[in-house]
Amino acid sequence: MPPAPAAHPPTSPRLVGDLVVWLLVLAELLTFGILFAAFAFARLREPGLFAAGQATLDLSTGAANTVLLVSASWCVARSVHAVRRGRSAQGARWLLGALACGCGFLVLKSLEYVHKWREGIDVAENTFYLLYVMLTGFHFLHAAVGCIIFAVLWAPTRRGAYGPQQCHALETGAVFWHMVDLLWMVLFPLVYVLR
């Protein structure tokens, strides 16, 4: 007697999110990789200058920003999880939490930039500050785009546009934000911590 057919055919594993965003992630990781290598190489050439520059950075603000970014990643992951379970309202609340954490990062980082500017420090100061602003500024722009993505996804999530069978857009936004978080996990120790 042949086995009974399965109620649901097995699904093959799939890459979550849009393929285009994954290509963007790869391109961004490569770009940041080059900037990280430039920072490390420049630090080897001018260790005293980089040590003095790093001493002016507020480690506690960098750590708070790390907590905000990781919290945003956790919230967006919970949002995707809730939507996959058919709980759109809950997913929208988690997405709002991700947006709040992302905006918190942007505010803290902006305050850090304003503080440096008031101290008279700019990109023309020296190699350290040039690379610091390039790395953190480029990352800041990515975090701002991530927040815009969260804001755009919130209303459709709240009204139930995404669900267990269709949460592709939400997954794509989550993939982008996780890249932002991953980049900070390299940027924070490289720029703020390692001496």
Here the pair of heavy atoms bringing Gly86 nearest to Pro164 is N-CG, 3.8 Å
Interatomic spacing from CZ in Arg84 to OG in Ser79 - rounded to 0.5 Å:
10.5 Å
Quick one: CG on Leu68 to OG on Ser73, what's the gap to the nearest 0.5 Å?
11.5 Å
If hydrophobic residues (ILVMFWY) are linked whenever their side-chain heavy atoms come closer than 4.5 Å, directly or via other members, who joins Val107 in its cluster?
Leu111
Gap separating the OG1 atom of Thr136 from the OH atom of Tyr113, nearest 0.5 angstrom
3.0 Å
Count I, L, V, M, F, W, Y as connected when their side-chain heavy atoms are under 4.5 Å apart, and connections chain through other members. Are Val180 and Trp74 then in the same cluster?
no
Note: with side-chain heavy atoms under 4.5 Å as the link, the other cluster members for Phe41 come out as none
Min side-chain heavy-atom separation Phe105-His139 under 4.5 Å
yes
For Val83, run the side chain to side chain contact (heavy atoms under 4.5 Å, CB included) check against Leu170, Leu153, Leu95 and tell me which one passes.
Leu170
At what distance, to the nearest 0.5 angstrom, does CG of Leu131 lie from CZ of Phe36?
11.5 Å
Does any N or O in the side chain of Thr172 come within less than 3.5 Å of the main-chain N or O of His168, such that one atom is a donor and the other an acceptor?
yes
Side-chain heavy atoms of His178 within contact of Val76, under 4.5 Å
yes
Hey, mind stepping through Phe32 and Leu135 against side-chain contact (heavy atoms from CB on, under 4.5 Å) and telling me if it holds?
CA-CA 8 Å; Phe32 271 96; Leu135 277 167; 4.2 Å; yes
Decide yes or no on side-chain contact (heavy atoms from CB on, under 4.5 Å) for Trp184 and Asn65, but give the supporting numbers first.
CA-CA 9 Å; Trp184 183 260; Asn65 275 332; 3.9 Å; yes
Look at the side-chain heavy atoms of Ile, Leu, Val, Met, Phe, Trp and Tyr, link any pair under 4.5 Å apart, and say whether Val67 and Val193 land in one connected group.
no
Could you note down all residue pairs passing salt bridge (charged side-chain N to carboxylate O under 4.0 Å, His left out) where residues 104-120 supplies at least one of them, sequence neighbours left out?
Lys109-Glu112, Lys116-Glu119
Side-chain heavy atoms of Leu24 within contact of Phe176, under 4.5 Å
yes
Once you round to the nearest 0.5 Å, how far does SG of Cys75 lie from CZ of Arg93?
12.5 Å
side-chain contact (heavy atoms from CB on, under 4.5 Å) assessment of Met185 paired with Thr66
CA-CA 8 Å; Met185 291 305 127; Thr66 302; 3.6 Å; yes
Tell me whether Leu130 is reachable from Phe128 by hopping between hydrophobic residues (I, L, V, M, F, W, Y) whose side-chain heavy atoms are closer than 4.5 Å.
yes
Side chains of residues 142-152: which donor-acceptor pairs under 3.5 Å do they make with residues two or more places apart or in other chains?
unit_1, atom_1, unit_2, atom_2, d
His142, ND1, Phe138, O, 2.7
His142, NE2, Glu28, OE1, 2.6

Cluster link Leu141 to Leu26, ILVMFWY, side chain under 4.5 Å:
no
Closest heavy-atom pair, Met179 versus Leu29, reported as atoms and distance to 0.1 Å, is CG-CD2, 4.4 Å
To check you understand the geometry: which heavy-atom pair defines the closest contact between Thr157 and Ser88, and what is its length?
O-CB, 3.2 Å
For Tyr162, enumerate each residue passing the ring-ring contact (aromatic ring centres under 6.0 Å, His included) test, keeping only those at least two apart in sequence or located in another chain.
none
Measure the NE2-SG distance between His81 and Cys167 for me, rounded to the nearest 0.5 Å.
11.5 Å
Evaluate the side-chain proximity of Phe188 to Leu59: yes if any heavy-atom separation is below 4.5 Å, no if none is.
yes
Acceptor/donor pairs from residues 48-56 side chains to any protein atom, 3.5 angstrom cut, sequence neighbours excluded:
unit_1, atom_1, unit_2, atom_2, d
Gln54, NE2, Leu190, O, 3.4
Gln54, NE2, Val191, O, 2.8
Gln54, NE2, Leu194, O, 2.9
Thr56, OG1, Gly53, O, 2.6
Thr56, OG1, Tyr129, OH, 2.6

What pair of heavy atoms forms the shortest contact from Leu35 to Met134, and how long is it?
CD2-CE, 3.5 Å
